Amino acid sequence: MAVYEYSCACCGRFEERLAMGSAPGTRDCPTCGGDAKRVYSPPGLAFTPASVVASREREERSREAPEVVVRGGAPAPRAAQPPHPALAHLPRP
């Protein structure tokens, strides 16, 4: 369900919960019964988590000034891991 906002000339604004994409351009005011026109407003994005905001800002900055890797060379060698004990029980060719 989506929240749609309507404005009545007499009573002011009110909200209606309707199925997404099914909101008509006018609706009856629940207070006075008059015609209320649909009001288009931006979505409520004020509660975006700080981590998402930081990620978006970092992405925007990278378009103009990408981070440059200054260290080069081969990656550090990985430590050798001992073989899994179950491998000793497998048949050998």
Side-chain angles (χ1 to χ4, degrees):
M1 297 296 261
V3 177
Y4 294 95
E5 189 175 8
Y6 290 88
S7 178
C8 175
C10 299
C11 306
R13 293 186 176 198
F14 63 94
E15 294 179 346
E16 290 282 329
R17 287 187 169 271
L18 303 167
M20 189 171 286
S22 68
T26 59
R27 190 135 176 109
D28 293 337
C29 175
T31 307
C32 68
D35 282 342
K37 293 184 179 182
R38 185 171 167 196
V39 177
Y40 293 91
S41 57
L45 299 176
F47 299 110
T48 306
S51 59
V52 173
V53 172
S55 176
R56 287 181 182 165
E57 289 175 353
R58 186 171 49 251
E59 184 217 353
E60 289 291 326
R61 281 194 311 267
S62 71
R63 291 180 185 178
E64 298 296 323
E67 294 178 14
V68 179
V69 177
V70 292
R71 62 187 159 97
R78 295 180 66 184
Q81 294 182 346
H84 194 276
L87 294 177
H89 300 291
L90 292 176
R92 305 232 180 238

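All values below come from the heavy atoms of this structure, side chains included, with hydrogens, waters and symmetry mates left out. These numbers were taken from a predicted model, which means no experiment stands behind them.
Hydrophobic clustering (side-chain heavy atoms under 4.5 Å, transitive across Ile, Leu, Val, Met, Phe, Trp, Tyr) groups Leu18 together with Phe14. Put simply, Val3 and Met1 are part of two different groups of oily side chains (I, L, V, M, F, W, Y) that touch within less than 4.5 Å, one to the next.
Under the side chain to side chain contact (heavy atoms under 4.5 Å, CB included) rule, Tyr4 has a single partner from Glu15, Arg27, Arg38, which is Arg38. Here the options are Arg56, Arg63, Arg61, the test is side chain to side chain donor-acceptor pair (under 3.5 Å), and the partner is Glu59; only Arg63 passes.
Across every non-hydrogen atom of Cys11 and Cys29, the tightest pair is SG-SG, 3.8 Å.
The side-chain heavy atoms of Pro24 and Tyr6, taken from C-beta on, include a pair separated by under 4.5 Å. In this structure the side chain of Ser7 reaches within 4.5 angstrom of the side chain of Arg13, judged on heavy atoms. Looking at Cys10 and Thr31, their side chains never come closer than 4.5 Å, going by heavy atoms from C-beta outward.
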